[in-house]
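Proteins come first, then strands; the chains are lettered A, B, ... in the order of their sequence lines, and each starts at number 1. Please read these numbers as outputs of a predicted model, since none were measured by experiment.
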Number of protein chains: 2
Amino acid sequence: METDQAPRPITPEECVVTRTLTFVGSRWTPLVIWHLLDGVKRYGELRQALPGISPKTLADRLQALEERGLVTRTVHPEKPPRVEYALTPRGFALGRILDDVARWGEEWEDAD
Amino acid sequence: METDQAPRPITPEECVVTRTLTFVGSRWTPLVIWHLLDGVKRYGELRQALPGISPKTLADRLQALEERGLVTRTVHPEKPPRVEYALTPRGFALGRILDDVARWGEEWEDAD
DNA sequence: CCGAATCCAACATGATACTG
DNA sequence: CAGTATCATGTTGGATTCGG
C-alpha cells in the first residue's frame, strides 16, 4: 500500500526550498553571483558592476555569501589593500541553477 | 574576435533572475506551489496545510500567483462557496525547478 | 466557507558620512 | 581601497475584524 500522502503541514522554516530561495532571492544576490561566475572580482569592481548598490548592502551580501560557503574572501595585505572575492564550487553549482531560472523566467514574462 | 565581456552594469530590475527569485522567494510561495503540485486544492485545504499562515497572506500569494499565470482560480457558486486553485503548465514547470533547488539546498546545508 | 479591510511589526535595503 | 557606523525608509508579512 502506497501511503497516499496528504502532505503533512510544514512551515517555511522547515522547507529547504524556502530557506534557499529567501537567501538567494535577496535583492542583489543573484547579480553578485552572476558577476562572480565571470571570475575573481575585487570589491570595487563589483561595486562598479552593480549600479546603485550601497557599500553597506554589498558588504552585507558578500558576508552572507561567505558565511554560507558560496564565496571566498581573500585579503592581500598590500597598500592600498586589495580584497578579492571568488565563487566556491557550490557557488558555481548554484550559478547553473540560476541559468535554469533565467530560462524559465524569460518564457514566463514573454507569455504575459 | 570574441568580445570578452566585462559584463556591463545591470540593475536588479533589469535582471530576469532577480525578478523571478524575488517573486518566487516570497515567504510562503514555494510551499503553496509545492502543495498544488499534488493536485487541485481548496482555499481551506491550503490553509490547513500551511500551519501559521494568515488568511491575508494566503490570499495575497494566491492572487499574485494567479496574476502571473502560475495558478488558476475556479469559483463554484454553491452554498457554501467552494473555490479551487490549480497550477497552470507554467506553474508545473516552475515546480520542476524547485526540485533542483531542493536538491542543491540539501547538499548545501549538509555541508555546513 | 472564502476572503476583503485595516492596522501594525519586522526586516531588508538605502543614503550618507567616516575610518584603517 | 575597502569597508563600518548611523540613521531613515519601504516593502512584506501578520493579527484581527468584518462581509458575501
Side-chain angles (χ1 to χ4, degrees), chain A residues 9-15 18-33 35-36 40-68 71-86, chain B residues 9-15 18-33 35-36 40-68 71-86:
Chain A
I10 193 179
T11 66
E13 287 70 29
E14 290 167 349
C15 176
T18 304
R19 281 195 302 274
T20 304
L21 290 182
T22 54
F23 179 82
V24 178
S26 184
R27 181 166 161 71
W28 291 94
T29 301
L31 281 173
V32 171
I33 294 170
H35 285 297
L36 289 177
V40 177
K41 291 279 167 65
R42 300 180 58 171
Y43 181 89
E45 291 181 289
L46 289 171
R47 224 183 141 177
Q48 285 184 337
L50 300 168
I53 198 171
S54 72
K56 172 180 181 298
T57 299
L58 180 53
D60 285 352
R61 295 297 97 220
L62 287 170
Q63 273 184 27
L65 287 165
E66 192 195 0
E67 274 172 27
R68 303 311 318 265
V71 159
T72 59
R73 176 176 184 273
T74 309
V75 181
H76 301 269
E78 308 171 349
K79 211 183 140 160
R82 190 166 100 247
V83 181
E84 292 182 327
Y85 294 91
Chain B
I10 192 178
T11 66
E13 287 69 30
E14 289 167 350
C15 176
T18 304
R19 281 195 302 274
T20 303
L21 290 183
T22 54
F23 179 82
V24 178
S26 185
R27 180 165 161 71
W28 291 94
T29 301
L31 281 174
V32 171
I33 294 170
H35 284 296
L36 289 176
V40 177
K41 290 280 166 65
R42 298 181 60 172
Y43 180 88
E45 291 181 288
L46 288 172
R47 222 181 143 178
Q48 284 185 338
L50 300 169
I53 197 171
S54 72
K56 171 181 181 293
T57 300
L58 180 53
D60 285 352
R61 293 300 98 217
L62 288 170
Q63 270 185 28
L65 287 165
E66 193 195 359
E67 274 173 25
R68 304 309 319 263
V71 159
T72 59
R73 177 177 184 273
T74 310
V75 182
H76 300 269
E78 307 171 352
K79 209 181 144 165
R82 189 166 99 246
V83 182
E84 292 182 327
Y85 296 91

> Taking for each residue the nucleotide of DNA chain C with the nearest heavy atom, is it A/P81 or A/D60 whose nucleotide lies nearer the 5' end?
Replying inline: A/D60
> Is the shortest side-chain N/O distance from A/R61 to OP1 or OP2 of C/dA12 below 4.0 Å?
Replying inline: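 No, no such contact exists.
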>> Counting only side-chain nitrogens and oxygens, does B/Y43 get under 4.0 Å of the OP1 or OP2 atom of C/dA4?
In response: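 No, B/Y43 has no side-chain N/O under 4.0 Å of OP1/OP2 on C/dA4.
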I need the [X] [atom1] to [Y] [atom2] distance, nearest 0.5 Å.
X	Y	atom1	atom2	result
B/Q48	B/K41	CD	NZ	10.5 Å
A/I53	A/L31	CD1	CG	8.5 Å
B/L62	B/L58	CG	CG	4.5 Å
A/Q63	A/L65	CD	CG	10.5 Å

> What are the two closest heavy atoms between A/F23 and A/A64, and how far apart are they?
Replying inline: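 Scanning both residues, the minimum pair turns out to be CZ-O, 3.7 Å.
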>> Give me the atom names and distance for the closest heavy-atom approach of A/T22 to B/G25.
In response: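 In this case the closest contact between A/T22 and B/G25 is CG2-O, 3.2 Å.
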>> Going by the rule salt bridge (charged side-chain N to carboxylate O under 4.0 Å, His left out), which residues pair with B/E13 if we only count those two or more places apart in sequence or in a different chain?
In response: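 Only A/R27 meet the salt bridge (charged side-chain N to carboxylate O under 4.0 Å, His left out) criterion with B/E13.
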> Sequence neighbours excluded, which residues qualify as salt bridge (charged side-chain N to carboxylate O under 4.0 Å, His left out) partners of B/R61?
Replying inline: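 If we apply the salt bridge (charged side-chain N to carboxylate O under 4.0 Å, His left out) test to B/R61, skipping adjacent residues, there are no hits.
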>> Under 4.0 Å, heavy atoms only, any strand: does B/Q63 hit a base, just the sugar-phosphate, or nothing?
In response: sugar-phosphate
> What nucleic acid atoms does A/R42 come within less than 4.0 Å of, heavy atoms only: base, sugar-phosphate, or nothing?
Replying inline: sugar-phosphate
Report the residues that fulfil side chain to side chain contact (heavy atoms under 4.5 Å, CB included) with [X], sequence neighbours left out, ordered by chain and then residue number.
X	answer
B/E84	B/V40, B/R42, B/H76, B/R82
A/P51	B/P9, B/T11
A/P55	A/Y43, A/R47

> Going 5' to 3' along nucleotides 5-11 of chain C, which nucleotides have protein heavy atoms under 4.0 Å from the base (write B), which only from the sugar-phosphate (write S), and which from neither (write -)?
Replying inline: BB-----
>> So for the helix from C/dC1-D/dG20 to C/dG20-D/dC1, with five pairs setting each end axis, what is the inter-axis angle to 10°?
In response: 50°
> Taking any atom under 4.0 angstrom from a heavy atom of chain A, which nucleotides of DNA chain D are the first and last to qualify, 5' to 3'?
Replying inline: D/dC1 to D/dT6
Rounded distance (Å) that lies between atom [atom2] of [N] and atom [atom1] of [X]:
X	N	atom1	atom2	result
A/L62	C/dA12	CG	P	16 Å
A/I53	C/dT13	CD1	C1'	10 Å
B/R73	C/dA4	CZ	C1'	11 Å

>> For B/T57, give me all partners under side-chain hydrogen bond (donor to acceptor under 3.5 Å, both in side chains), at least two apart in sequence or on another chain.
In response: B/S54
>> According to ring-ring contact (aromatic ring centres under 6.0 Å, His included), who are the partners of A/Y85, at least two apart in sequence or on a separate chain?
In response: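 For A/Y85 there are no ring-ring contact (aromatic ring centres under 6.0 Å, His included) partners, ignoring immediate neighbours.
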>> Heavy atoms within less than 4.0 Å of DNA chain D: which residues of residues 22-30 of chain B have one? Give them sorted by number.
In response: B/S26, B/R27, B/W28
